[in-house]
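None of these values were measured; they are calculated from a predicted model. In what follows, chains carry the letters A, B, and so on, assigned in the order in which the sequence lines appear, proteins first and then strands, with residues in each chain numbered from 1.
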Amino acid sequence: MTLTEIFALSLGAILIENYIFVKFLGICSFLGVSKKMDTAFGMGMAVIFVMTVASAVTYVVNRFILVPLNIGYMQTVAFILVIASLVQFVEMLLMKMMPALYQALGIFLPLITTNCAILGAALLNITNELNFIGSVIYGLSAGIGFTLAIVLFASVRQRLILSDCPKAFEGFPIALVTAALLAMSFMGFQGLKIW
Amino acid sequence: MNKYLKQLKEGILTNNPVLVQLIGMCPTLATSTSLENGLGMGLAATAVLICSNVMVSLLRKIIPQKIRIASYVVIISGFVTAIEMLMKAYLPDLADSLGLFIPLIVVNCIILARAEAFASKNGPVASAVDGLAMGLGFTFALAILASVREILGNGTIYGIPVFGSSFQPASIMIMPSGAFLALGFIIAAFQKILKKGDN
């Protein structure tokens, strides 16, 4: 891959095809853990980490196990198992090696297994026929895009608590309307398409 | 019989997975661009939900406590793969437009949540009804959201034009931000109506 391709790929995953605002992947954790800035940031970091590793591992699993054995239809089953065990493994590894980081990520790690953004990235890597480096870059950038979205959203949402809004809209509905406005601003990035 | 009717009412209205429990948001937002897509997604998820609930319920005494979540995920992904292959064979157009979101039914929180919260504690018949109720609730929410978005954003409903040719569709409604906006308003309205029902 040339440098330009890598740049285009990551810019695309971070801004133009942002996982939250354009592709609708990982909305559950986006809405669930965006009430406070620091938890949102922690979740974002955990997603970046797991998504990058998961992209690499699922690429290897697909290329060297599923394709040679001609069992491509087992993709979903295989990938979800890989992701679930990977999350478990990362959790144990961090607990032993980097307790500080483990403390910081805390409960977010196990939650990530059911984050559809991770499985989505793994499946999209295969659909888009990316090579190994491409998959890793794509996973990393998609994670950064997720973090960008959740941090932006959390910073707005923190202030939202203090503001007045109609009773029926309190809590979740007003958060969705806020997300709509953010998504609208992300539509502006569509013009950036460079390939 | 009454018990099952109560379950159905809970799943569709008072404990609707999307509009009240606020789970399963990704497919709701992403596949509600038209009523056809919304219904297709809703029914596919319902089928998976019923099958996985029955299977989890039948195996609930065999699956060891510690690895139950992993076992549920394997059961669910097996059914999802089956549904995906069936849809690709018999409904290729729908499968194309739902795309990535068919395999992603695996990580739809509604399905895992029902397996864990209901099917692992109840018999197969009650679990099947629960799967049907929650699935229909999901489909109902998707159908409302998809109708609103399709009517406003495209001027059609299920592909049939509802307004005269002078109607200017607000294409923002079928874009991603329209999904957030419409869902926000629908949930607000639903909460208002449910609260009134209580008094």
So, the part of A:Gln88 with a heavy atom under 4.5 Å from chain B: the answer is neither
If you round to the nearest 0.5 Å, how far is SG of B:Cys26 from NZ of A:Lys23? 13.5 Å
Grab the two heavy atoms, one from A:Cys28 and one from B:Gly24, that are nearest each other, plus how far apart they are. SG-N, 4.0 Å
Among B:Leu181, B:Leu29, B:Ile186, single out the residue with the greatest number of heavy-atom pairs under 4.5 Å to chain A. B:Leu29
Please flag which part of A:Ala179 lies under 4.5 Å from any non-hydrogen atom of chain B: side chain, backbone, both or neither. both
Shared ILVMFWY cluster between A:Ile133 and A:Leu124, side chains joined below 4.5 angstrom? yes
Are B:Ile172 and A:Met184 close enough, and set up right, to give a side chain to side chain contact (heavy atoms under 4.5 Å, CB included), and what steps lead you there? CA-CA 9 Å; B:Ile172 185 85; A:Met184 226 177 275; 3.9 Å; yes
Rounded distance [0.5 Å steps], CG in B:Leu104 versus CD1 in A:Ile118: 11.5 Å
For chain A, which candidate among B:Ala188, B:Ser77, B:Pro27 shows the most heavy-atom pairs at distances under 4.5 Å? B:Ala188
Can you tell me how far the CG atom of B:Leu100 sits from the CZ atom of A:Phe24, to the nearest 0.5 Å? 13.5 Å
Looking at chain A, which one of B:Ile187, B:Thr28, B:Ile23, B:Ile69 has the largest number of heavy-atom pairs inside 4.5 Å, strictly under? B:Ile187
Distance, nearest 0.5 Å, that separates NZ of B:Lys192 from CZ of A:Phe169: 10.0 Å
CZ (A:Phe172) and CD (B:Gln191) are apart, to the nearest 0.5 Å, by 9.5 Å
When hydrophobic residues are tied together by side-chain contacts of less than 4.5 Å, even through go-betweens, does B:Leu22 share a cluster with B:Leu112? yes
Can you give me the closest heavy-atom contact between B:Pro103 and A:Leu119, atom names plus distance? O-CD2, 4.3 Å
For each of A:Gly120, A:Ala84, A:Ser85, A:Gly32, tally heavy-atom pairs with chain B at distances under 4.5 Å, and name the one with the top tally. A:Gly120
Relative to chain B, which segment of A:Met187 carries a heavy atom at a distance below 4.5 Å: side chain, backbone, both, or neither? side chain
Contacting region of B:Phe101 [heavy-atom separation from chain A under 4.5 Å]: side chain
In Å, rounded to the nearest 0.5 Å, how long is the span from CG of A:Leu123 to CD1 of B:Ile102? 11.5 Å
What part of A:Leu31 gets within 4.5 angstrom of chain B, counting heavy atoms only: side chain, backbone, both, or neither? side chain
Bottom line for B:Ile76: the part with an atom under 4.5 Å from chain A's heavy atoms is neither
Do the non-hydrogen side-chain atoms of B:Phe180 and A:Leu182 ever get within less than 4.5 Å of each other? no
Pairs of heavy atoms under 4.5 Å with chain B: top-ranked of A:Ala180, A:Pro166, A:Ala183, A:Gly26: A:Ala180
